[in-house]
Engineer: 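Got a structure here, written out as structure tokens. Questions coming.
Along the sequence shown, the residues carry numbers beginning at 1. Just so it is clear, the structure is predicted and the values come from calculations on it, not from any experiment. FYI, side chains are in, hydrogens and waters are out, and symmetry mates aren't considered; it's all heavy atoms of this structure.
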Amino acid sequence: MRIIKLNAETKKDLLSSLLKRSPDNYSEYEAAVAEIVAQVREKGDEALFAYTEKFDQCRMDASGIRVTEAEVKEAYQAVDAAFVEVMKKAAENIRIFHSRQRNNSWIDMKEDGSILGQKLTPIGTSGVYVPGGRAAYPSSVLMNVIPARVAGVGRIVMATPPSPDGKVNPGTLVAADIAGVDEVYKAGGAQAIAAMAFGTESVPKADKITGPGNIFVALAKKACFGYVSIDSIAGPSEILVIADETANPRDVAADLLSQAEHDEMASSILLTTSERLAEEVSIRAELFKNQLSRKAIMEKSLENYGYILVADTMEEVIDAANEIASEHLEILTANPYEIMTKIRNAGAIFLGEYSSEPLGDYFAGPNHILPTNGTAKFFSPLNVNDFMKKTSIISYSREALEAVHKDIELFAEREGLTAHANSIKVRFEE
């Protein structure tokens with residue numbers, strides 16, 4: 001891995017490089033995605049089935065698009081029992097964590113008879129997209145579905161691409177069953193997003209669509225936003241490690257590679273005050289890379305977006321970390337909790353040598369659907385409240401309104417909205 005001195009110029013160059021990974025920079029695909037979305041919106045199943053045959057080499061029709069109970073049972077037979085039990089344990093951890101996020105409706109009643117409040121209601125139908133093939137991640141099924149279930153969403157549907165023989169990844173199906181998905185449909189890509197956004201003869205319309213996917217899926221979610229709510233336009237995965245001279249270089253190198261293996265655009269960055277650690281991590285990363293199965297992907301990822309930045313002070317490290325606003329942030333220092341208090345921008349923070357990033361990906365409980373590409377400055381991890389709607393409640397008695405009606409009328413008149421003012425005024429005229 002390249003080792004660079006951290007200064008204002010190298011930080012600026014780094015941020016510019018990372019931003020190039022944003023889905024917003026792939027406009028050349030937008031026209032193709034827009035055409036797919038338009039066709040599915042207009043022609044429904046006809047277009048959906050045509051694109052499934054074109055992109056997934058699978059002939060599909062209305063009778064086979066929905067996964068049956070028999071197929072779910074078959075999936076359990078194909079997944080080893082030990083993995084099923086691990087998924088159940090992870091699911092319970094995720095449920096427990098997200099259950100603590102639930103908020104309640106509230107009402108505030110005053111002596112003058114005015115009532116203000118907020119009513120929380122779960123969305124009606126949640127749509128989840130899950131990639132297929134080599135990119136099938138049962139963990140993402142758990143992370144997308146369980147918060148919706150905890151929120152009380154009435155109907156959860158999932159779309160995932162079929163293989164040419166019409167089958168769905170068995171691990172994905174088992175995870176869907178454990179998490180509590182109501183219906184699974186065999187559809188992938190931008191066409192699946194459009195089907196859930198607008199509904200077809202076979203696929204129900206969702207109120208919100210969540211879940212990861214390739215650039216076509218990300219751009220389809222972007223194109224459908226407004227017709228349906230979405231979680232985010234996610235970019236490639238990323239990890240930032242803050243470490244000092246006390247960190248174990250083996251641990252740091254292993255953790256950086258845990259994200260580099262995702263894809264060639266994944267970002268792995270070490271920020272440190274120790275030149276010796278920087279050199280040792282670079283050596284260890286090279287050794288680990290040659291021992292691991294996704295070597296070619298890791299090489300490209302590290303070549304494009306792998307950095308070791310050496311700073312003079314920990315204050316410079318913290319400042320750079322807040323500017324980068326990484327999806328995953330590990331703190332491997334003598335006192336990680338002290339550093340953590342100074343971090344403003346990160347999707348998830350992992351503290352100490354035994355809290356490596358895969359703990360959050362799979363098992364601990366917090367959601368692994370996290371903001372990327374610097375959006376941790378203003379976005380949060382997927383959570384229960386993402387599946388809840390807030391409705392304001394307002395009720396005034398005559399006494400309460402009479403005390404303030406002239407103020408309201410003045411406000412409306414100053415904005416030139418005389419009908420607004422009249423709506424209040426008539427209630428106090430003879």
Engineer: Output yes when a side-chain donor or acceptor of D263 lies under 3.5 Å from a complementary backbone atom of M265, and no otherwise.
Structural biologist: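 The answer is yes, because a donor-acceptor pair under 3.5 Å joins these two groups.
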Engineer: For residues N385 and N103, is any side-chain donor paired with an opposing acceptor at under 3.5 Å?
Structural biologist: yes
Engineer: Can a donor-acceptor pair be found between the side chains of E357 and Q259 at a distance below 3.5 Å?
Structural biologist: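 E357 vs Q259: donor-acceptor pair found between side chains.
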Engineer: Surrounding NZ of K5 (heavy atoms of other residues, nucleotides or ligands, distance under 6.0 Å), is the total greater than 12?
Structural biologist: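 Atom NZ in K5 is packed in, count exceeds 12.
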Engineer: Does NZ in K167 sit with more than 12 non-hydrogen atoms of other residues, nucleotides or ligands closer than 6.0 Å?
Structural biologist: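 At most 12 heavy atoms, drawn from other residues, nucleotides or ligands, come within 6.0 Å of this atom.
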Engineer: For R66, does the CZ atom have more than 12 heavy-atom neighbours from other residues, nucleotides or ligands under 6.0 Å away?
Structural biologist: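 Enclosed: over 12 neighbouring heavy atoms sit under 6.0 Å from CZ of R66.
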Engineer: Check residues 336-353 and write down every donor-acceptor pair under 3.5 Å in which the side-chain atom is one partner and the other belongs to a residue at least two apart or another chain.
Structural biologist:
{"unit_1": "T341", "atom_1": "OG1", "unit_2": "E338", "atom_2": "O", "d": "2.6"}
{"unit_1": "N345", "atom_1": "ND2", "unit_2": "N322", "atom_2": "O", "d": "2.8"}

Engineer: Show your working on salt bridge (Lys or Arg N to Asp or Glu O under 4.0 Å) between R149 and D182 and close with a plain yes or no.
Structural biologist: CA-CA 10 Å; R149 188 54 76 201; D182 295 302; 3.1 Å; yes
Engineer: Is the NZ or CZ atom of K89 positioned over F363's six-membered ring, under 6.0 angstrom from the centre and within 45° of the axis?
Structural biologist: no
Engineer: Identify every side-chain donor-acceptor pair in residues 314-321 under 3.5 Å, counting partners at least two apart or on other chains, and give the distances.
Structural biologist:
{"unit_1": "E316", "atom_1": "OE1", "unit_2": "D312", "atom_2": "N", "d": "2.9"}
{"unit_1": "E316", "atom_1": "OE1", "unit_2": "T313", "atom_2": "N", "d": "3.2"}
{"unit_1": "D319", "atom_1": "OD2", "unit_2": "K11", "atom_2": "NZ", "d": "2.6"}

Engineer: In chain order, what residues pass the side chain to side chain donor-acceptor pair (under 3.5 Å) check against S114, with sequence neighbours excluded?
Structural biologist: D112
Engineer: For atom CD of E275, is the number of surrounding heavy atoms from other residues, nucleotides or ligands below 6.0 Å larger than 12?
Structural biologist: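 No, because the 6.0 Å sphere around CD of E275 holds 12 heavy atoms or fewer from other groups.
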Engineer: Can Q57 and E53 be counted as having a side-chain donor-acceptor contact under 3.5 angstrom?
Structural biologist: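 Distance-only check fails for Q57 and E53.
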Engineer: Is it possible for you to check whether R2 lies under 6.0 Å from the centre of the six-membered ring of Y307, through NZ or CZ, and within 45° of that ring's axis?
Structural biologist: yes
